Amino acid sequence: MSDKQHLYLVDGSAYIFRAYHRLPPLTNPEGTPVGAVYGYTTMLWKLAEDLDKADGPTHLAVVLDKSSQSFRNEIYDQYKANRPDPPEDLVPQFPLIRDATRAFSLPLIEEPDVEADDMIASYARAAASQGWDVTIVSSDKDLMQLIGTSEQGGTIDMLDTMKSARIGPAEVEEKFGVGPELVGDVLALMGDSVDNIPGIFGVGPKTATKLIQDHGSLTAALDAAPEMKKSKLKERLLEHRADAELSRILVTLKEDCELPIAIEDMKLGKIPPEPLVAFLTGHGFTSLLRRIDNGGSAPGPTTQLHPAKPQNKGEAHAPKGNRQPPPEMPEVDRKAYECVQTVDRLEAWIDRAFAARLVAVDTETSDLDCMLCDLVGVSLATGPNEACYIPLGHGSDDMFAEKPTQIPLDVALAKLKPLLESDAVLKVGQNIKYDLNVLARHDIHVAPIDDTMIVSFALDAGRSQDGIGGGHGMDELAQRHLGHTCLTFKEVCGTGKKAISFGEVPLDRATEYAAEDADVTWRLHAHLKPRLAIEGGTRVYERVDRPLIPVVADMERHGIHVDRARLAGLSERFASEITRLEGEIHEIAGQEFAVGSPKQLGEILFDKMGYKGGKKGKSGQYSTDQSVLEKLDASGAPIATKVLEWRQLAKLKSTYTDALQQAINPRTNRVHTSYSLVGAQTGRLSSTDPNLQNIPIRTEIGREIRQAFVAEPGNVLLAADYSQIELRLAAHMADVDPLRDAFAAGEDIHARTAMEMFGEVDRDTRGRAKTINFAILYGISRWGLAGRLGIEADEAQALIDTYFARFPGIQRYIVSTLESVRERGYSETLFGRKTWFPRINSKNQAERQGSERAAINAPIQGTSADIIKRAMARMAPALEQADLKPGQPDGVRMLLQVHDELVFELPEDLAERAKPVIERTMAEAAQPAVSLSVPLGIDIGTGRSWDDAH
DNA sequence: GATGTCACG
DNA sequence: GACGTACGTGACATCC
């Protein structure tokens with residue numbers, strides 16, 4: 001083996017297009033494609049393995065196209081203009097190519113304004129002129145011009161990895177009939193329809209080769225044209241000479257590009273295993289992963305094949321992952337932003353976004369409620385400080401006030417629509433569900449999308465202890481990851497009574513705020529998205545959460561019908577009952593007071609009336625909650641009964657019957673909740689404004705509120721819920737055979753537990769068994785269980801011991817889960833969703849134990865959330881396949897999700913056909929990613945109202 | 001804005 | 001020896 005340096009330059013962009021077409025379409029069940037990425041990964045692997053071989057690389061770099069625009073577009077505006085959009089399922093793979101390259105710790109070259117071919121040419125020439133050998137990993141014919149040997153003895157050849165073929169001067173001669181130095185001349189005559197290089201019309205490879213062979217060069221061939229005998233070819237050569245000369249320039253590679261990384265720095269060494277393992281795991285590339293684990297061959301000559309153990313054992317409360325140094329980007333410069341006020345400038349920005357293939361988008365509106373607001377402006381960003389704001393609805397309502405210059409709303413939206421809907425351009429937003437809804441109301445259906453808030457959640461759920469949006473809000477992310485303080489909405493719009501709507505903000509100020517939001521979103525995406533692959537978040541993000549965003553947006557936008565008159569009737573009834581009870585309470589107490597004030601009530605009950613059992617909390621206030629009042633009630637305190645009744649009615653009236661009437665949207669006449677995808681650390685959704693996930697059901701009087709949720713005439717509501725899903729998952733995850741058998745046999749699970757625990761089943765033992773089953777899911781303590789069952793702590797401990805003895809898997813699950821969380825800092829669901837527990841090793845016992853209980857529960861609650869989310873993402877395709885017209889006025893529509901339940905509205909006559917489709921989609925939602933050892937049971941029903949559907 | 005309470009899974 | 005006692009949410013009323 002000689003000690004000659006050998007540089008390999010990988011043409012990554014060209015590779016993935018070929019890999020996409022050549023490889024089987026590897027996709028996961030949700031259809032997230034990874035075929036090309038897989039091909040690319042195996043290719044890098046193979047190259048790295050060749051390190052010590054003769055002719056193998058000593059140095060290696062990957063070159064990618066930065067954007068689809070280059071200096072050639074300035075020479076010829078039609079350059080590559082005919083190029084079709086990349087296939088829809090290739091687009092999401094582009095960023096993953098970068099992730100893969102980083103996972104191999106390989107240098108990555110991406111330069112604006114030139115193409116990958118130019119960078120390859122420049123590096124190849126530079127290396128060869130130092131006497132290095134160069135291999136270009138590509139089969140692109142344009143690059144064949146470079147093949148040959150330099151004066152310094154460095155050879156340049158090519159390697160087609162798909163055909164395992166070396167391409168040297170002989171192969172070029174065979175293909176083109178001329179040597180590499182004349183390939184450019186042949187190409188200039190031929191043209192290229194894909195790149196839209198004109199060439200000479202009617203001249204193909206055969207003719208082009210012959211002309212160059214005969215005349216020795218392009219110029220000579222063109223010069224000889226007048227002398228040729230009369231023919232079609234002669235005419236064409238004369239007529240299109242200029243085209244050929246332009247083409248010659250276009251196919252010429254720029255060989256003097258600035259080299260951003262020195263070739264010496266491309267030295268290929270041992271591939272560090274950690275990021276690679278993380279990447280392979282994250283994408284489920286298990287066959288490659290096994291090659292590392294089997295003591296084998298991480299690519300490259302490795303001395304240490306296994307990933308190092310994390311160094312921060314026992315320090316999980318001090319995570320480092322989300323405190324990375326900011327990436328290399330210029331400081332945010334608000335003066336760099338453009339306010340777009342003409343169609344020309346708008347078109348320029350749209351072109352720029354198409355060229356970049358990725359654009360951050362943000363909408364500004366008149367109100368936080370995306371179903372009530374008006375669109376006020378749109379901002380776009382294509383890079384750091386490359387951002388603009390397009391005002392569309394600025395100016396006060398005063399008709400005499402002068403409005404600022406703005407592109408008319410309909411004109412601007414018509415221009416933006418093709419960009420926002422183009423498969424070839426990824427739209428990135430921070431909480432993009434909001435923008436999806438705003439734009440959908442203007443008939444713009446934004447896709448494909450990425451969401452920095454959801455990416456942050458997939459990476460860092462639970463890491464932040466408090467803060468609006470659970471620590472995934474933009475201002476917070478900007479501060480944490482970019483070290484940047486955003487302009488706040490309050491700074492721009494003011495606060496309180498003096499607050500103005502965004503449409504009243506002067507344009508210069510509005511531009512600074514709005515364009516900054518898009519700019520910061522772009523930066524956050526660049527920073528956070530690569531972490532997904534490195535840290536194993538890709539699976540849950542790509543397969544669970546990302547596909548859900550448009551699904552949930554649709555549910556929000558459609559809303560649900562509530563019967564206003566019925567709610568008003570209930571409000572009236574409750575009001576008079578409340579008044580009556582209040583009078584009776586005051587009479588018993590012997591004075592008037594605010595029944596709704598726990599402070600006053602506590603003083604009345606325990607000080608004035610002298611009841612026993614008053615317990616003061618740390619705020620020095622008596623507790624008067626339900627359990628306290630029930631005890632008083634049982635010991636014969638009539639006032640406690642009345643207060644309990646009063647509390648129930650006051651709650652139902654204020655929170656439901658009054659508030660829901662207010663929540664009816666006057667435009668749609670329906671109630672539109674807003675779901676948060678980052679609201680619960682476990683991965684559950686949460687629902688706000690109004691919360692439709694806590695509509696009463698447990699009491700008779702509460703269920704009357706459910707009766708006000710109704711279908712439109714001719715339709716019915718369908719409710720489908722997972723039966724005991726968390727217990728089923730616990731049985732599976734903890735390997736509890738008796739529970740699994742009971743579920744498999746369709747038994748009453750609490751009765752079975754009672755039998756195992758107490759040896760007999762009756763109302764009492766079944767009820768206690770049910771309490772214990774739930775206690776298990778929540779992380780049990782003897783005192784907690786004792787309180788719930790009204791027994792002593794040592795009796796409760798005895799029950800817990802019995803439970804563990806009967807179901808030994810449970811204890812193993814608890815111990816191993818806690819061990820893992822203490823060591824790694826996070827828990828994981830069956831689908832790989834992480835929840836971090838920064839206080840799991842806290843010295844404060846209460847804090848630590850609280851984290852432990854949450855950590856025991858999170859994998860179960862989170863897996864349940866993953867499963868129903870997968871069902872939701874698959875629901876529309878499943879209904880479509882069954883011809884149930886999802887989303888259409890005469891079809892089936894999903895309206896609500898309540899953790900283990902989905903609510904649909906559909907024409908009455910579709911109900912019987914819809915039921916099995918919905919049931920199957922929900923029951924099979926874990927598959928094929930996860931194979932459960934218990935069946936998932938679904939209860940399903942229909943009715944005019946939500947109550948009737950149960 | 002914090003606290004207490006209670007609606008849901 | 002004290003701590004505070006089941007997991008995950010959101011809305012409302014009161015009070016400071």
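Everything quoted here is computed from the prediction, not taken from an experiment. Within every chain, numbering begins at 1; the chains are lettered A, B, ... in the order of the sequence lines, protein sequences first and strands thereafter.
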- Minimum-distance nucleotide to Q861(A) side chain [options: dT5(B), dA11(C), dG8(C)]: dG8(C)
- Nearest to side-chain heavy atoms of W783(A), which nucleotide of dT5(B), dT5(C), dT9(C): dT5(C)
- Task: May I ask you to decide whether R566(A) forms a salt bridge with E704(A), counting only side-chain N to carboxylate O separations under 4.0 Å?
- Result: no
- Side-chain heavy-atom pair V821(A), E852(A) within 4.5 angstrom cut-off: no
- Using the six-membered ring wherever Trp is involved, compare the ring planes of F709(A) and W946(A) and label them parallel, tilted or perpendicular (cut-offs 30° and 60°). perpendicular
- Message: Measuring only the P atom in each nucleotide, how far is dA6(C) from dC6(B)? A whole number of Å is fine.
- Response: 15 Å
- Query: To the nearest Å, how far apart are I578(A) CD1 and dA13(C) P?
  - Reply: 11 Å
- Between dA2(C), dC12(C), dA6(C), which nucleotide gets closest to the side-chain atoms of Q845(A)? dA2(C)
- Which one, dT14(C), dA6(C), dA7(B), comes nearest to the side chain of P696(A)? dA7(B)
- Query: Using the P atom in both, what is the distance from dC3(C) to dA7(B), to the nearest Å?
  - Reply: 31 Å
- Message: Please pick, from dT5(C), dG9(B), dG4(C), the nucleotide with the shortest atom-to-atom distance to any side-chain atom of V898(A).
- Response: dG9(B)
- Please tell me which of the listed nucleotides, dT9(C), dC8(B), dA2(C), lies nearest to the side chain of Q681(A)? dT9(C)
- Message: For dC6(B), does the base pair up with any side-chain atom of K651(A) as donor and acceptor (N or O, under 3.5 Å, distance only)?
- Response: yes
- Query: Should R647(A) be listed as having a side-chain N or O under 4.0 Å from OP1 or OP2 of dC6(B)?
  - Reply: yes
- Message: From the set dA7(B), dG10(C), dC12(C), return the single nucleotide nearest to any side-chain atom of T655(A).
- Response: dC12(C)
- Is it true that F606(A) and Y622(A) have ring centroids separated by less than 6.0 Å? yes
- Message: Whether the E491(A) and T488(A) side chains hold a donor-acceptor pair (N or O, under 3.5 Å, no angle test) is what I'd like checked.
- Response: yes
- Item | Separation of the P atoms in dG4(C) and dT3(B), to the nearest angstrom | 14 Å
- Donor-acceptor pair present, R788(A) side chain and dA6(C) base, under 3.5 Å: yes
- Message: Please give the distance between the C1' atoms of dT5(B) and dA2(C) as a whole number of Å.
- Response: 27 Å
- Message: As a test of reading the structure: which of dG10(C), dG9(B), dG4(B) is closest to the side chain of D900(A), going by heavy atoms?
- Response: dG9(B)
- Message: Tell me whether the rings of H750(A) and F774(A) are parallel (<30°), tilted (30 to 60°) or perpendicular (>60°).
- Response: tilted
- Both distances under 3.5 Å, Watson-Crick or G-U wobble: report the partner of dG4(B), or none. dC12(C)
- Task: Please determine, for the side chain of A659(A), which listed nucleotide (dT5(B), dC12(C), dA6(C)) has the closest atom?
- Result: dC12(C)
- Hey, does the side-chain of R698(A) have a donor or acceptor N/O within less than 3.5 Å of a partner on the base of dG9(B)? yes
- Message: Could you check whether the side chain of Q693(A) and the base of dC8(B) have a donor-acceptor pair of N or O atoms closer than 3.5 Å, going by distance alone?
- Response: no
- Item | Under 4.0 angstrom between R853(A) side-chain N/O and dC7(C) OP1 or OP2 | yes
- Which nucleotide, dT5(B), dC15(C), dA6(C), lies nearest any side-chain atom of T624(A)? dT5(B)
